[in-house]
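To keep things clear, I will list the structure first and then write my remarks on it.
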Amino acid sequence: MTTSAPANPWLSWDYVQTNWADISEALVQHVTLTVEAVLIAFVIALPLAALAFGRPRLAGPVLGLAGILYTIPSLAMFAILSPFTGIGRTTVLIGLVAYAMLVLVRNILVGLEGIDPEIRDAARGLGYGRIRLLLTVELPNALPSIVVGLRLATVTTVALVTIGVIVGYGGLGQLMFRGFNSNYRAEIMTATILCLAIAFVADLLLAAAGRLATPWARTRTQS
């Protein structure tokens with residue numbers, strides 16, 4: 001007499017209902033880490049890009065530093081950080097911020113460099129100083145490129161949060177890791193679908209916000 005293997009489906013509503021407490025905790029952790037990482041990276045990237053734009057000699061070193069941070073493998077990144085920041089949330093957050101920096105700095109800089117020089121000349125002719133020119137003319141005109149950078153950084157960060165499982169703080173990555181260890185498909189697939197859903201919703205929200213914030217871009221496209 002032979003016994004058949006227990007069912008191991010890729011999708012299981014029973015699993016979701018039974019483990020909703022774990023799933024919701026991992027989901028909140030995943031979303032929170034993503035939002036915090038992108039916001040911190042943006043706060044750092046914005047002045048760096050503005051500095052690189054105002055001082056073109058610094059553009060190479062700034063982009064080079066951000067590029068070096070981006071290319072450090074996650075395992076090495078956590079190994080470097082953990083003696084100073086310990087094992088857990090802070091280490092993961094610093095790593096995520098470092099990875100988001102390159103995308104944001106590059107897109108903000110591209111947006112600033114793409115502004116029509118005549119717009120700057122007109123603002124200077126009206127007596128705009130450097131700071132006022134940056135805040136009221138250059139950054140608003142660079143918004144489409146900045147929004148693209150935010151969308152890319154956010155989607156990338158949603159995926160990268162899962163690697164935080166290496167130091168025990170990976171959001172939905174915890175469920176994936178547990179599913180792989182137990183070979184339970186429903187746990188892996190549920191976490192994967194939720195990651196995709198977070199990325200899709202975040203991208204949609206940022207795209208809508210960018211569209212609302214740049215009505216002139218729609219006018220140019222239609223004309």
Side-chain angles (χ1 to χ4, degrees), residues 29-78 80-81 85 89-115 134-135 138-167 169-173 192 194-214 217:
Q29 190 182 91
H30 206 105
V31 172
T32 306
L33 272 173
T34 300
V35 172
E36 287 184 15
V38 174
L39 283 178
I40 294 172
F42 182 70
V43 168
I44 298 172
L46 185 61
L48 280 178
L51 180 67
F53 175 67
R55 302 278 189 277
R57 287 184 195 172
L58 296 177
V62 168
L63 288 174
L65 177 62
I68 289 170
L69 291 174
Y70 192 80
T71 56
I72 297 175
S74 53
L75 277 174
M77 175 78 80
F78 292 148
I80 293 168
L81 291 173
T85 56
R89 194 173 195 284
T90 304
T91 301
V92 177
L93 188 58
I94 293 173
L96 294 174
V97 169
Y99 288 131
M101 286 282 292
L102 177 63
V103 175
L104 289 170
V105 170
R106 183 170 288 172
N107 276 274
I108 296 169
L109 191 55
V110 167
L112 291 172
E113 290 174 342
I115 298 170
L134 175 68
L135 296 178
E138 291 173 336
L139 285 178
N141 276 279
L143 261 181
S145 181
I146 293 173
V147 171
V148 170
L150 281 170
R151 291 173 65 184
L152 285 173
T154 302
V155 171
T156 305
T157 303
V158 170
L160 287 174
V161 168
T162 57
I163 63 174
V165 71
I166 296 169
V167 290
Y169 211 89
L172 294 167
T192 303
L194 287 174
C195 275
L196 293 173
I198 294 170
F200 178 74
V201 171
D203 189 57
L204 206 62
L205 289 174
L206 285 170
R211 191 174 169 82
L212 288 173
T214 57

Trace of the side chain to side chain contact (heavy atoms under 4.5 Å, CB included) decision for Ile198 with Leu172 = CA-CA 11 Å; Ile198 294 170; Leu172 294 167; 3.8 Å; yes
Nearest 0.5 Å please: distance from the CE atom of Met101 over to the CG atom of Leu65.
-> 7.0 Å
How about Thr71 and Leu102: do any of their side-chain heavy atoms sit closer than 4.5 Å?
-> no
d(Asn141 CG, Ile146 CD1) to nearest 0.5 Å is 10.0 Å
Minimum heavy-atom distance between Pro140 and Leu135, given as atom pair plus value = CD-O, 3.4 Å
Nearest-0.5 Å distance, CZ of residue Arg106 to OH of residue Tyr70 = 9.5 Å
Please check if the side chain of Tyr99 supplies one atom and the backbone of Ile72 the other of a donor-acceptor pair under 3.5 Å.
-> yes
Can Leu139 and Leu46 be said to form a side chain to side chain contact (heavy atoms under 4.5 Å, CB included), step by step?
-> CA-CA 10 Å; Leu139 285 178; Leu46 185 61; 3.8 Å; yes
Side-chain (His30) to main-chain (Val161) donor-acceptor, under 3.5 angstrom = no
Does the side chain of Cys195 come within less than 4.5 Å of Thr162's, by heavy atoms?
-> yes
Would you name the heavy atoms of Gly111 and Ile115 that are closest together and state the gap between them?
-> O-CG1, 3.5 Å
Hey, what do you get for CG (Asp203) to CZ (Arg151), rounding to the nearest 0.5 Å?
-> 4.0 Å
Can you check side chain to side chain contact (heavy atoms under 4.5 Å, CB included) on Phe53 and Ile108, steps first, answer last?
-> CA-CA 9 Å; Phe53 175 67; Ile108 296 169; over 6 Å; no
Heavy atoms of Leu206 and Leu150 approach each other most closely as CD1-O, 3.7 Å
Please say which of Leu69, Leu39, Ile44, Val43 ends up in a side chain to side chain contact (heavy atoms under 4.5 Å, CB included) with Val97.
-> Ile44
Taking every heavy atom of Leu109 against every heavy atom of Ala49, the minimum-distance pair comes out as CD1-O, 3.6 Å
Locate the shortest heavy-atom distance separating Leu134 from Ala50; write the atom from each residue and the value.
-> CD2-CB, 4.0 Å
For Val155 against Ala199, the heavy-atom pair lying closest together = CG2-O, 4.1 Å
Side chain to side chain, Arg89 and Thr32, heavy atoms closer than 4.5 Å | yes
Indicate yes or no for a side-chain donor-acceptor contact from Tyr169 to the backbone of Gln29 under 3.5 Å, with no hydrogens or angles considered.
-> no
Any chance you could measure Leu96, atom CG, to Ser74, atom OG, to the nearest 0.5 Å?
-> 10.0 Å
Can you tell me how far the CG atom of Asn107 sits from the CG atom of Leu152, to the nearest 0.5 Å?
-> 6.0 Å
Do Thr91 and Thr85 get their side chains close enough for a donor-acceptor pair, meaning under 3.5 Å?
-> yes
Which is it for Thr214 and Val147 under the side chain to side chain contact (heavy atoms under 4.5 Å, CB included) test, yes or no, and what are the steps along the way?
-> CA-CA 10 Å; Thr214 57; Val147 171; 5.6 Å; no
